[in-house]
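In listed order, ligands and their atoms are each counted from 1.
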Amino acid sequence: MTNKPERVVLIGVAGDSGCGKSTFLRRLIDLFGEELMTVICLDDYHCLDRKQRKETGITALDPRANNFDLMYEQIKALKEGKSIDKPIYNHETGLLDPPERIEPNHILVIEGLHPLYDERVRSLIDFSVYFDISDEVKIAWKIQRDMAERGHRYEDVLAQINSRKPDFEKFIEPQREFADIVLQVLPTNLIKGDKERKVLRVRMLQREDKQGFEPTYLFDEGSTIQWTPCGRKLTCSYPGMQLYYGSDVYYGRYVSVLEVDGQFDNLEEVIYIETHLSKTSTKYEGEMTHLLLQHREYPGSNNGTGLFQVLTGLKMRAAYEQLTAKEAKLAAVQV
Ligand SMILES: Nc1ncnc2c1ncn2[C@@H]1O[C@H](COP(=O)(O)OP(=O)(O)OP(=O)(O)O)[C@@H](O)[C@H]1O
Ligand SMILES: O=C(CO)[C@H](O)[C@H](O)COP(=O)(O)O
């Protein structure tokens with residue numbers, strides 16, 4: 001850590017395993033830099049180790065396998081600028097390792113299965129995102145990764161996803177209600193009966209009632225817009241690309257919805273989309289495109305997942321700058 005933060009800004013990144021959280025965190029590091037940001041994986045608060053979970057039949061998704069009292073106390077302490085001794089859950093052994101010292105930092109990110117589950121922890125969070133990946137896409141991503149990189153069999157990956165499903169629906173998915181941004185990843189509407197899951201329909205739901213948060217819009221704020229971009233300005237091979245912008249009600253609250261269905265052939269041309277978006281929280285025209293281009297190798301960079309991850313990162317940067325500026329103003333008044 002560089003210097004002691006006046007105001008620790010707490011970011012929550014929620015979602016199931018294999019939903020793109022690590023990819024998003026890499027994008028956040030691009031924006032904030034490693035020095036200013038500390039990431040805590042909430043798996044470290046598992047209070048039942050792998051053997052105990054197996055014996056009791058309690059999954060890691062179940063709150064009973066996690067120590068929320070300790071999570072709250074430690075996150076609160078970090079937010080107050082105090083250091084903590086955080087437990088470590090070791091994914092290789094399935095056991096808890098000796099704790100490690102964590103110092104407060106300017107930006108603290110808590111990521112994992114339950115950042116928005118416990119009301120006390122939730123109340124500390126300044127900005128949050130939930131990764132809502134539809135079953136069809138989740139299966140395709142997990143099968144691709146676990147078969148290619150981890151040598152698992154198709155049937156085993158499927159069985160693992162299905163065995164987690166009841167607890168996922170009970171304990172993880174309901175957290176969507178509390179997120180400031182929800183990123184939904186769905187099968188495309190552009191190819192009938194698509195089973196490949198390469199072309200995706202991605203929706204970014206942005207809360208309209210959060211103080212200081214200005215949702216990004218397309219063309220005209222408050223309107224409902226279907227946009228098929230010009231094929232000469234944005235090269236998209238079959239099945240093309242469709243954008244949508246509109247308002248919706250989500251868990252009883254108004255949200256602004258942005259949607260991209262399809263994929264980009266040429267990332268440089270994303271600037272064409274960017275110039276039609278407003279309130280992106282960029283610092284210069286083209287910053288979104290630039291950020292995407294910087295890491296075109298990240299999964300999803302050529303579709304709405306990458307685009308909206310970048311946009312979510314920009315919204316988090318704006319929240320950080322707003323909150324720290326407010327703090328600095330308060331400190332100046334008190335002097
Ligand atoms: N936008 C995307 N497009 C295509 N595939 C993706 C995308 N995001 C993630 N994936 C696939 O899912 C895998 C998991 O992604 P990532 O490691 O970012 O998720 P995670 O939520 O951090 O997972 P875990 O908690 O298991 O580490 C990637 O290796 C990749 O195969
Ligand atoms: O959902 C998960 C979050 O990463 C893991 O399955 C959970 O943390 C348990 O880990 P492991 O399977 O390594 O014991």
Side-chain angles (χ1 to χ4, degrees), residues 12-29 39-56 58-67 71 87-97 109-115 117 129-134 136-150 152 156-157 160-161 163-165 167-168 171-173 175 183-188 196-204 260 262-264 292 295-313:
V13 177
D16 200 2
S17 152
C19 282
K21 297 186 301 292
S22 309
T23 310
F24 175 67
L25 292 175
R26 288 193 282 168
R27 294 194 189 280
L28 270 194
I29 290 172
V39 179
I40 290 185
C41 173
L42 296 181
D43 294 351
D44 290 333
Y45 292 95
H46 288 335
C47 55
L48 298 182
D49 63 26
R50 195 177 290 154
K51 187 160 162 265
Q52 290 167 322
R53 291 198 306 270
K54 203 165 175 205
E55 281 165 2
T56 54
I58 296 174
T59 72
L61 299 97
D62 190 315
R64 288 175 297 170
N66 298 278
N67 187 343
M71 189 192 294
I88 301 176
Y89 178 74
N90 184 328
H91 281 278
E92 268 172 39
T93 60
L95 296 167
L96 284 154
D97 283 348
V109 180
I110 53 171
E111 65 93 7
L113 298 170
H114 302 99
Y117 184 83
V129 59
Y130 179 92
F131 284 82
D132 188 9
I133 316 296
S134 66
E136 298 93 327
V137 178
K138 201 190 277 188
I139 290 168
W141 284 2
K142 209 158 169 66
I143 280 171
Q144 173 214 324
R145 178 183 72 174
D146 290 1
M147 285 177 70
E149 294 173 22
R150 302 186 180 178
H152 294 180
D156 297 337
V157 181
Q160 200 217 19
I161 291 175
S163 70
R164 285 170 73 102
K165 206 168 154 64
D167 279 358
F168 174 78
F171 306 119
I172 311 303
E173 205 170 50
Q175 293 175 82
L183 295 181
Q184 297 178 328
V185 185
L186 303 151
T188 179
E196 260 197 288
R197 314 293 179 218
K198 287 225 163 68
V199 182
L200 300 171
R201 180 162 73 100
V202 188
R203 288 161 63 86
M204 180 176 178
V260 173
Q263 53 191 16
F264 313 110
L292 258 184
H295 287 292
R296 50 171 87 227
E297 76 283 6
Y298 289 175
S301 288
N302 69 337
N303 63 37
T305 57
L307 189 78
F308 290 153
Q309 282 191 7
V310 165
L311 200 46
T312 301

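- Residue D43 places at least one N or O, backbone or side chain, under 3.5 Å from an N or O of ligand 2.
- Looking only at heavy atoms of the protein, atom 14 (C) of ligand 1 is closest to R145 NH1, 3.6 Å.
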Let me see the working for K51 and D49 under salt bridge (charged side-chain N to carboxylate O under 4.0 Å, His left out), right down to the final yes or no.
CA-CA 6 Å; K51 187 160 162 265; D49 63 26; over 6 Å; no
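- Of all atoms in ligand 2, listed by their number and element, those nearer than 4.0 Å to a heavy atom of A60 are 7 (C), 9 (C).
- Taking the six-membered ring where the residue is Trp, H295 and Y298 present parallel rings, their angle staying beneath 30° rather than reaching 60°.
- Among E92, K54, H46, H91, the residue whose heavy atom lies nearest to atom 13 (O) of ligand 2 is H91.
- Of the candidates K51, R50, E111, the one placing a heavy atom closest to atom 11 (P) of ligand 2 is R50.
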Please walk me through it: do I172 and Y130 pass side-chain contact (heavy atoms from CB on, under 4.5 Å)?
CA-CA 10 Å; I172 311 303; Y130 179 92; 4.0 Å; yes
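- Residues S301 and R27 have side chains that bring a donor and an acceptor to within less than 3.5 angstrom of each other.
- Below 4.0 Å from some heavy atom of K21 lie the following atoms of ligand 1, by number and element: 18 (O), 19 (O), 20 (P), 21 (O), 22 (O), 25 (O).
- Heavy-atom distances between R53 and ligand 2 reach below 4.0 Å in at least one pair.
- Here the protein heavy atom with the shortest distance to atom 26 (O) of ligand 1 is S17 OG, 2.9 Å.
- Nearest protein heavy-atom neighbour of atom 2 (C) of ligand 1: W141 CZ2, 3.2 Å.
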